[in-house]
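Comments concern the structure below.
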Amino acid sequence: MSAAGERFARIRRIPRKVRRWRHAFLLRTRFRPSYSAPAKHGLKAAKPGSLRVLVLEGLLGAILIAGLFAPLLAPYGEAEIVGGPFEPWSATHWLGTDQLGRDFFSRLLFGLRNSLGLAIAATALSFLIGVNLGLLAASGGRLVDQVLSRLVDALMALPALIFALVMLAIVGTGSFQLVAIIGLLDSTRVFRLTRALALRETALDYVEAARLRGEHLPWIMWREILPNIRIPLAAEAGMRFSFVFLTIATLAFLGLGLQPPAADLGSLVRENAQLITYGDITPLIPAALIAAIALIVNLLIDALEQDRDVLALKEEGPGS
Amino acid sequence: MGMSPLVRMIIRRLLLGAMTLVVVSAIIFFSVELLPGDFARAILGQNATEEAVQALREALGLNKSAVVRYFEWLTGALQGDFGLSFSGRTADGGRPVAAILLPRLGNTFLLALLAALVAVPSALALGLLAARYRGRWPDKIITFMALVFMAMPEFLIGYVLITWLAVKWRLLPSLATLDPARPLLEQAERLILPTLTLSFVVTAHILRMTRASVVETFGKPWMEMAVLKGLPPRYRLLHHALPNTAGPLANIVAFNLAWLITGVVVTETVFVYPGAGRLMVDAVAARDIPVVQACALVFASVYIGLNLLADIVTILANPRLRTEAAT
């Protein structure tokens, strides 16, 4: 191609690219239709009801049902000793037996139920604390906000797992302690998001109007602000669940989860880890299930996440 | 003052970091005080005589007020003295925490350093690659893999590597128990799998944020100008986008290296590596509070130090922050 032709080609190419830039820029602003919002991982956002969302929801539903009906589905009891230790996979014991001769498949189902239950309880606690304190900080005046925010800053100045370890050393292990500690530590993230979202709302006229009407603080918090920030909070709930689920699984793997003989997905890996040195992949199954659940939840939120403003407000990072 | 505003700003950050550390150390120390009951009795058991419990309380200094003990603990910690471990303790003494912690801390730093050396360059390269080809297949593959690795607990990655690389294909040793008597080469071989395990999660986090940061830069008006000038994509990426994201990138790297602290605890447990992370887990299970507190304080210092470093790099990389500091 001649020099002039090359320059011509470049000139012709550029405006199209610029148009694309402009387009991309406009997409990032709030003026674009929400369904075309580019998802944060470079995967396209899907509309609710698309095939991808349906598949993910189906998988998650199947896992939840398997966990919920574990006592009905499991062929043997949670702590029932039904054979010798470490029997191989067979027709009677689908995934063999564990280190004490308990049915691995049954323990997997019970472990799924317990892990999901703990994570759901901890997430609920985290939201109960985080949302209420966040709303209080945003609407309860400057002093309350300062005190709560500095407290949360201090709690977040240490990775959550390290903090959880310190607390577990003090109060000891057990399901109640685990839920309380993880819920409390995780509520700091919910607090920050709720406060940021609620602060934007308190600047709006309807909150001012409610104040002038003489509404009480609880009314303003729960009846005025909360309904208007519930959608980004719901998206955050999925993220928090996924993180809490992984943290609890990690603690259980470290031997700091439920008291034996109760099974959970992390402790199933720990108890049977020695099988791995014989090339048996059975202990990898609960570990893979943990990863699968976290991944499904993350992908589902990604696919459903419509409000880009949530992303702008959310701080991501270690121990988040 | 004759100080340059830059220096003054950095000193301010350092003081802020030191203050954060003091607050965190206070939380670590005083959360123990919330525990109902008596430490001395907890150590000696319910059958101990009242005299023995009293003697231990005296020896531990439990009769002093909590504030006094906090300052003693903190000043001791600054001099490398973390008190005595509870394990194997009798009424007259026990092993110093520092003697248990220090050798293991070296091992942990070695592992974390190796993992950082693997993770940071690969994460930056993959993040830039994904940003360069955003929306196309290299980006899709890289970002999806990052999501997968972020959902995987470290012990899954570790055991998958052990199952295939160590047990099935017999390429590498599966345990990382160190032994000073063995030759150095063999020791290095034992570090490969833990290093890889630790690198994966950190890489995933850094690359995802790198990609987001660089893609954001692409939307800036001066990047549009670079397009209009007709600069080729690679030149725009390396000479325009990259210098301007250096500050945020340094921040991202330092911020995410903190994942190493969480990761190191799990990885050391998987590979039976003699590090401070596994020491902390064992101490939590044994409720050896002084060891737990010492480990938490060390990890907190590293975490706060890394974030401080990120802040300072951000200041140095951004000329605008330098002039704002003058006011």
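The sequence lines fix the lettering, A, B, ..., with proteins before strands; numbering per chain opens at 1.
Residue A:Leu246 holds its CG atom at 11.5 Å from OG1 of B:Thr262, rounded to the nearest 0.5 Å. Interatomic distance, A:Ile281 CD1 to B:Tyr159 OH, rounded to the nearest 0.5 Å: 15.0 Å. For the atom pair CD1 of B:Ile28 and CE of A:Met167, the computed distance is 11.5 Å after rounding to the nearest 0.5 Å. A distance of 11.5 Å separates CG in B:Leu297 from CD1 in A:Ile162, rounded to the nearest 0.5 Å.
Contact tally against chain A (heavy-atom pairs below 4.5 Å) for B:Ala151, B:Ala286, B:Ala146, B:Ala26: the top residue is B:Ala151. Counting heavy-atom pairs closer than 4.5 Å to chain B, the top-ranked of the candidates A:Leu155, A:Thr247, A:Val269 is A:Val269. Put simply, of B:Ile304, B:Val265, B:Asn307, B:Val270, the one with the most heavy-atom pairs under 4.5 Å next to chain A is B:Val265. Across A:Gly266, A:Ala157, A:Ala294, A:Ser242, the residue that shares the most heavy-atom pairs under 4.5 angstrom with chain B is A:Ala157. With respect to chain B, the highest number of heavy-atom pairs below 4.5 Å among A:Leu251, A:Leu256, A:Asp153 belongs to A:Leu256. Between chain A and the residues B:Ala300, B:Ala283, B:Pro153, B:Ala296, the most heavy-atom pairs under 4.5 angstrom are made by B:Pro153.
For residues 161-169 of chain B, the interface with chain A (any heavy-atom pair closer than 4.5 Å) comprises B:Ile162, B:Thr163, B:Trp164, B:Val167, B:Lys168, sorted by residue number.
The salt bridge (Lys or Arg N to Asp or Glu O under 4.0 Å) check on B:Asp288 picks up nothing, with sequence neighbours excluded.
Proximity of A:Ile290 to B:Leu156: side-chain heavy atoms (C-beta onward) are nowhere separated by under 4.5 Å. Put simply, the side chain of A:Phe163 reaches to within 4.5 Å of the side chain of B:Ile27, judged on heavy atoms.
The number of heavy-atom neighbours closer than 6.0 Å to CZ of A:Phe86, taken from other residues, nucleotides and ligands shown, is above 12.
Contacts between B:Val24 and chain A at a heavy-atom distance below 4.5 Å involve the side chain alone, from C-beta outward. If you measure heavy-atom distances from B:Val160 to chain A, the contacts under 4.5 Å come from both the backbone and the side chain.
Nearest heavy atoms, B:Met280 versus A:Leu165: CE-CB, 3.7 Å.
Ring pair B:Trp259/A:Phe243 is perpendicular by interplanar angle, where above 60° counts as perpendicular and below 30° as parallel.
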